[in-house]
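In what follows, a structure is listed as structure tokens, so that the remarks can point back to it.
Keep in mind that what you see is a predicted model, and the values were worked out from it rather than measured. Convention: sequence-line order gives letters A, B, ...; per-chain numbering from 1.
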2 protein chains.
Amino acid sequence: MAKKTAKTYHHGDLREALIKAGRTILEKDGIEALTLRACARKAGVSHAAPQHHFASVSDLLAEIAATGFEDFVKALDKDAARAPSPVEKLKAMGQSYVAFARERPAVYQLMFGVGAPQSSERLQAAKVAAWEQLANAVSAAAGPDNNEAKAMQVWSAVHGFSMLVISQRLPPIINVPQALKRVIDGLAPAIGARP
Amino acid sequence: MAKKTAKTYHHGDLREALIKAGRTILEKDGIEALTLRACARKAGVSHAAPQHHFASVSDLLAEIAATGFEDFVKALDKDAARAPSPVEKLKAMGQSYVAFARERPAVYQLMFGVGAPQSSERLQAAKVAAWEQLANAVSAAAGPDNNEAKAMQVWSAVHGFSMLVISQRLPPIINVPQALKRVIDGLAPAIGARP
DNA sequence: TCCTTAACTTGACATTGACAAGATGTGGAT
DNA sequence: ATCCACATCTTGTCAATGTCAAGTTAAGGA
């Protein structure tokens, strides 16, 4: 206890319990297993109980995606903190980015999937935090000019690589670690950062 | 007639009709409307008719995705043909790539989504064709060294940008055309191509 | 002409998201 | 302290979906 926020009524905090259950299902059995009813079952409540906390399944998915973004930002921060220079920080974040996607493909898919839900205050906040983290790292490494476009360029590279790897769309010829190294090493030059 | 392949039995060619119906639904109403039964309805057959042509819904989606890849390769080829030099061809293909994704987000999502189906001979062939088209363009612009890694770098950049744009994950600050220009202009330098 | 067999239909089942109506318990008002 | 309004949760139901099973239709060779 003490961690929970609401601590209301019967269940204790069904809202957070459902989000946590969903996150567990997502990481264990993939996104196709992530249903409203499965979350309710895992939380030990009836199939219609989530209705009072989430207007639709999309709202629940948004909250689960938000926890994904929160963990994502933490992971990148942690790895960036170890790096000495801004450029090294940027590269470390790139590595961390791809590693997150490869280790939690289902979560990453939910976070960045096309059909993923848009709204949810918590999700919006988490997305903004992720973006600012990236934009700040790029600014630190390359100066403030063309800040957004440069950040988009970096983001596109690591995001595209991650998506291609986890979506299994790569031809078998590809040496993934070698290609990853090339993508990471290309980040700083792309934004005109002095090494 | 004459275009159809099987021309069998009652319907004429239900297999192709279902693929075409699916493609229409996909582009008109998005991927969430693309169901087996909806395709059957659109083709004017009963809900279980597709069973004899596609073992599961995943197999039908794979064939629809294959048509997407086929159109995709055609579109890139067409735009690349207009460009004079290898580097210009590469840039034209990048533009064409992003344009395809933005014009047909649902099709693109089906083609590259994480949950998208893997098998299907036709899909495999179409994917290989797309990859070779890209690899050849990169080779022509940058020479044969590190061919695959360079192609992956280019692919990651345009794919990541496309996915971010169509998944609505961008902060509103972003100037999309400006960011796109930066991504495209970055392709040739990234692979060490002489302009 | 018949008959094997592919193509298609009808009907069914489990699962899902969503809704409605009832049961339950919490916390504040009196 | 008692009671009541209301949030919380349950039970039951509905339409839609993918899949399967069994029956029906028609095509093309024997």
Return the nearest nucleotide to the side chain of [X]; candidates are [options].
| X | options | value |
| --- | --- | --- |
| A:Arg37 | D:dT17, C:dG17, D:dC9 | C:dG17 |
| A:His47 | D:dT11, D:dT17, C:dG11 | D:dT11 |
| A:His53 | D:dC9, C:dA18, C:dG11 | D:dC9 |
| A:Ala48 | D:dC9, D:dT11, C:dG11 | D:dT11 |
| B:Val45 | C:dT16, D:dG18, C:dT9 | C:dT9 |

Does [X] pair with [Y] as a salt bridge, N-O distance under 4.0 Å?
| X | Y | value |
| --- | --- | --- |
| A:Glu63 | A:Arg15 | yes |
| B:Glu27 | B:Arg23 | yes |
| A:Arg82 | A:Glu88 | no |

From [atom1] of [X] over to [atom2] of [N], roughly how many Å is that when rounded to an integer?
| X | N | atom1 | atom2 | result |
| --- | --- | --- | --- | --- |
| B:Leu18 | D:dG18 | CG | P | 12 Å |
| B:Phe54 | D:dT19 | CZ | P | 13 Å |
| A:Leu34 | C:dG17 | CG | P | 9 Å |
| B:Lys42 | D:dT17 | NZ | P | 14 Å |
| B:Glu32 | C:dT16 | CD | C1' | 16 Å |
| B:Leu36 | D:dT19 | CG | C1' | 9 Å |
| B:His52 | D:dT25 | NE2 | P | 15 Å |
| A:Leu14 | D:dT10 | CG | C1' | 13 Å |

Hey, does the side chain of [X] come within less than 4.0 Å of [N]'s phosphate (OP1/OP2), counting only N and O?
| X | N | answer |
| --- | --- | --- |
| B:Gln51 | D:dC20 | yes |
| B:Arg15 | C:dA6 | no |
| B:Arg41 | D:dA16 | no |

Worksheet entry | Of B:Phe69, B:Phe112, B:Phe72, the residue whose pairing with B:Phe100 passes ring pair (Phe, Tyr, Trp, His ring centres under 6.0 Å) |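 Output: one option passes, namely B:Phe72.
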Item to complete: Describe the nucleic acid contact of A:Ser46 in one word from base, sugar-phosphate, nothing, applying a heavy-atom distance below 4.0 Å.
Response: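 Answer is base: heavy atoms of A:Ser46 come under 4.0 Å of a base.
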Worksheet item: In terms of ring plane angle, is the pair A:Tyr97 and A:Tyr108 parallel, tilted or perpendicular, where the classes change at 30° and 60°?
Response: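 Correct class here is perpendicular.
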